[in-house]
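I am attaching a structure below and will ask some questions about it afterwards.
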Amino acid sequence: MTDRVRDVVGIGIGPFNLGLAALVDDAPADVDAVFLEQEPEFNWHEGMLIEETTLEVPFLADLVTMADPSNPYSYLSYLHDRDRLYEFYFYEEFFIPRREYNDYCRWVADQLPSLAFDRRVTDVREEGGVFVVETVDPGTGERTSYAAENVVMGIGTQRHVPDQFEDVLGGDVFHSASYLHNRERCLEADSVTVVGSGQSAAEVVRDLLERQPDHDYGLDWITRSRGFFQMADGKLGHMVYTPDYIDYFYDLDRETKDELLGSQDLLYKGIDERTSARIYDALYRNSIGDADPDVGLLAATEVTDIESRESRGGYRMICRQCQEDERFLHDSEVVVLGTGYARSDPPFLAPLEDRLRRDGQGRLEITRDFRFVTDGLDGEIFVQNAELHTHGINAPDLGLGPYRNATIVNAVASEELYEPASADVFQSFAAGDFVADRGARRLSDAPRVGDED
């Protein structure tokens, strides 16, 4: 074991742990931290950095601003350093290009000495009252150990591919996360089919639709969702993305939480307004003058299997329209799987499994301040974006990352280095808050009819 025991080891360097590293670096007290990442450098969804795509949250949802507006690692500081403040000023957009967000994150990563790349975590165990994190360099096989009193797990989600499609994955059947790496193959194909109707699938469709007039491929879009729905988006609805809503959701009983999450899909899934509009506009433009664009859209349809057509090339998709219970075959030379992302427990936690508490559905129990509930561990394991079932739809939101990170920094340092964020929004979520704020009375406290003054 290494002789040096740090305050915290972060596992994974995505935007959330990168933001934590930025807050730690500029904290008003020393916090000894290291952050480990298996990739050789920072890149955020590089296979989906399609031209003209933007973040789905305002630029203020950078790595640090919502917790510490004066932090030197803010997006505005990045613009200043790049001599782009006036360019951005006249850009007059609240939602920044996704490619620039990635460049901003890389700018931050290049300045932080606490980041260690080419470190794949293989094992986390407790030894002598501290956590020991074992790593291996994927390229050289060199092994390194780190010890810390606390761990922050920020490994993100992994691309989800249904089991029945695994056998056909390759250069012509791939997940949307790899789209840019395979776009030229799509452009030269005779036919392309995109499966799924979330934001990633829609961005692929939009890109292919706008390029279709210059190429000669047929384009089909199939989803098992009931339609190609736009995300529920609006200023009033956005008020759920606040610490106040986390407080409200966390205090609900487990059954209510699960029921509520099941009804909120279009608050954080679906297609954003801009992408939806551009897809329709491209369809309209491509049909001008009695043109018949080679495009097909079909909802409520599940792709149950994909088979290679070895003799003729391409792939045969076995489909079922769920509402009609109609089955059919669809052929495509290239298939892009916009089948989303999923979270699974990382194997490196296996040595601690008997110390981690789970609920009745096998999900890890998590405290309000983003820690695993554990039995007999001296240190704490904090989580980034793994608390959807306990904290609500806020978990993956970039704008709440700084709030969660400020909470974690304060807990690790055992002092309030960052002042807890105040939601300061117009909506109340709990009835008790509304009663207290608006002078209403609980029914149990109200006088009977006829007894009022």
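We're numbering straight along the sequence, starting at 1.
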- Item | N102 and N43: side chain donor to acceptor below 3.5 Å |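 Per modelled atom types, N102 and N43 side chains form a pair under 3.5 Å.
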- Would you indicate whether R320, at its atom CZ, is surrounded by more than 12 heavy atoms from other residues, nucleotides or ligands within a distance under 6.0 Å?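 Yes, enclosed.
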- Item | Ring center gap for Y86 and H80 short of 6.0 angstrom |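 So the answer is no for these two rings.
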- Query: If every non-hydrogen atom of L55 is compared with every non-hydrogen atom of W44, which pair is closest and at what distance?
  - Reply: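 Looking at all heavy atoms of both residues, the shortest contact is CD2-CH2, 3.5 Å.
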- Item | Contact check, side chains of D272 and T275, non-hydrogen atoms, under 4.5 Å |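 Sidechains of T275 and D272: in contact.
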- Item | Side-chain donor-acceptor contact under 3.5 Å, S178 with R159 |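 Yes, a side-chain donor-acceptor pair sits under 3.5 Å.
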- Item | Minimum-distance pair of heavy atoms, taken over all atoms of A33 and R6 |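 Shortest heavy-atom separation between A33 and R6 comes out as C-CD, 4.1 Å.
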- Item | Partner of L112 under side-chain contact (heavy atoms from CB on, under 4.5 Å), chosen from F35, Y73, F42 |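 With L112 as partner, side-chain contact (heavy atoms from CB on, under 4.5 Å) holds for just one option, Y73.
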- Task: Give a yes or no on whether R99 atom CZ has more than 12 heavy-atom contacts from other residues, nucleotides or ligands under 6.0 Å away.
- Result: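 No.
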- Message: Assess, by modelled atom type and distance only, whether the side chains of E100 and Y75 contain a donor and an acceptor separated by less than 3.5 Å.
- Response: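 Side-chain D/A pair, E100 to Y75: present.
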- Run the ring-centre check on F382 versus F370 and record whether the distance is less than 6.0 Å.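 Judged by ring-centre distance (under 6.0 Å), F382 and F370 do not meet the cut-off.
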- Report, as yes or no, whether the 6.0 Å neighbourhood of atom CD on E255 holds more than 12 heavy atoms from other residues, nucleotides or ligands.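 Open: at most 12 neighbouring heavy atoms sit under 6.0 Å from CD of E255.
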- Message: Before you tell me yes or no, could you show the steps for R363 and D345 under salt bridge (Lys or Arg N to Asp or Glu O under 4.0 Å), namely the whole-Å CA-CA distance, both residues' side-chain angles and the distance that decides it to 0.1 Å?
- Response: CA-CA 9 Å; R363 300 172 298 192; D345 293 343; over 6 Å; no
- Query: Less than 6.0 Å separating the ring centroids of F59 and F88?
  - Reply: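 Yes, the ring centres sit under 6.0 Å apart.
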- When you look at CG of D253, are more than 12 heavy atoms from neighbouring residues, nucleotides or ligands closer to it than 6.0 Å?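 Enclosed.
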- Please indicate whether R226 has more than 12 foreign heavy atoms, meaning atoms of other residues, nucleotides or ligands, lying under 6.0 Å from its CZ.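 Not more than 12 within 6.0 Å, no.
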- Salt-bridge present (R274, E56; N to O < 4.0 Å):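 Between E56 and R274 there is no salt bridge, as every charged N stays at least 4.0 Å from the carboxylate O atoms.
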- Query: Out of curiosity, Q199 CD to I271 CD1, how far, rounded to the nearest 0.5 Å?
  - Reply: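 Reported to 0.5 Å precision, the distance equals 7.0 Å.
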- Task: For residues W107 and P72, report the shortest heavy-atom separation together with the two atoms involved.
- Result: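 Taking W107 first and P72 second, the nearest heavy atoms are CH2-O, 3.6 Å.
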- Task: Please name the pair of heavy atoms, one in S197 and one in F228, separated by the smallest distance, quoted to 0.1 Å.
- Result: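 For S197 and F228, the tightest heavy-atom pair comes out as CB-CD2, 4.0 Å.
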- Query: Counting heavy atoms not belonging to E310, are there more than 12 under 6.0 Å from its CD?
  - Reply: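 Result for CD/E310: open.
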- Message: Whether D32 and R4 form a salt bridge (side-chain N of Lys/Arg under 4.0 Å from carboxylate O of Asp/Glu) is what I want to check.
- Response: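 Yes, charged N to carboxylate O under 4.0 Å.
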- Message: If we count only N and O atoms by modelled type, under 3.5 Å, do the side chains of S332 and T193 hold a donor and an acceptor together?
- Response: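 Yes - a donor-acceptor pair under 3.5 Å links their side chains.
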- D258 versus T256, side-chain donor and acceptor atoms under 3.5 Å: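 No donor-acceptor contact under 3.5 Å links the two side chains.
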- Report the distance from atom OG1 of T135 to atom CG of D123, rounding to the nearest 0.5 Å.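 Atom-to-atom, T135:OG1 and D123:CG are 11.0 Å apart.
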- Measure from the ring center of Y250 to the ring center of H391 and say whether it is less than 6.0 Å.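 Aromatic pair counts; centres sit under 6.0 Å.
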- Message: So which atom in T390 and which in K257 form the shortest heavy-atom distance, rounded to 0.1 Å?
- Response: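 Heavy-atom minimum between the residues: O-NZ, 3.3 Å.
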- Between the side chains of E333 and S191, is a donor N or O closer than 3.5 angstrom to an acceptor N or O?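 Side-chain D/A pair, E333 to S191: absent.
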- Message: Under 3.5 Å, is there a donor on one side chain and an acceptor on the other for Y403 and N394?
- Response: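 The answer is no; no qualifying pair exists.
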- Item | E203/R206 salt bridge by N-O under 4.0 Å criterion |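 Between E203 and R206 there is no salt bridge, as every charged N stays at least 4.0 Å from the carboxylate O atoms.
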- Flag yes if more than 12 heavy atoms outside E259 fall under 6.0 Å of its CD atom; otherwise flag no.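 Counting neighbours around CD of E259, 12 or fewer heavy atoms of other residues, nucleotides or ligands fall under 6.0 Å, so no.
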- Minimum-distance pair of heavy atoms, taken over all atoms of L115 and A21: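 Nearest pair, atom of L115 first, then A21: CD2-CB, 3.9 Å.
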- Using modelled atom types only, decide if a donor and an acceptor are shared between the side chain of Y217 and the backbone of Q212 within a distance under 3.5 Å.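 Here the side-chain-to-backbone pair exists.
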- Message: Does the structure place the NZ or CZ of R404 under 6.0 Å from the centre of the six-membered ring of F16, at an angle of no more than 45° from the ring's axis?
- Response: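 Judged by the rule, R404 and F16 form a cation-pi pair.
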- Message: Determine whether R371 and D369 satisfy the following criterion, salt bridge (Lys or Arg N to Asp or Glu O under 4.0 Å), listing intermediate values before the conclusion.
- Response: CA-CA 6 Å; R371 293 176 288 116; D369 58 352; 3.0 Å; yes
- Message: I need the single residue from I246, D251, V240, D247 that forms a side-chain contact (heavy atoms from CB on, under 4.5 Å) with F429. Which is it?
- Response: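 Per the side-chain contact (heavy atoms from CB on, under 4.5 Å) rule, the option paired with F429 is V240, out of I246, D251, V240, D247.
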- Message: Can you confirm whether D83 is buried at CG, in the sense that more than 12 heavy atoms of other residues, nucleotides or ligands lie under 6.0 Å from that atom?
- Response: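 No - once you tally the heavy atoms of other residues, nucleotides and ligands closer than 6.0 Å, there are 12 at most.
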- Task: Give a yes or no on whether the ring-centroid distance for H181 and F174 is below 6.0 angstrom.
- Result: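 No: the rings miss the under 6.0 Å criterion.
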- Message: What verdict does the side-chain hydrogen bond (donor to acceptor under 3.5 Å, both in side chains) test give for D68 and S70, after you've listed the backbone C-alpha separation in whole Å, the side-chain angles of each residue and the deciding distance to 0.1 Å?
- Response: CA-CA 5 Å; D68 180 18; S70 64; 3.0 Å; yes
- Query: Would N17 and Q384 count as a side-chain hydrogen bond (donor to acceptor under 3.5 Å, both in side chains) if you check the C-alpha gap in whole Å, the side-chain angles of each, and the deciding distance to 0.1 Å?
  - Reply: CA-CA 7 Å; N17 262 356; Q384 300 268 29; 3.2 Å; yes
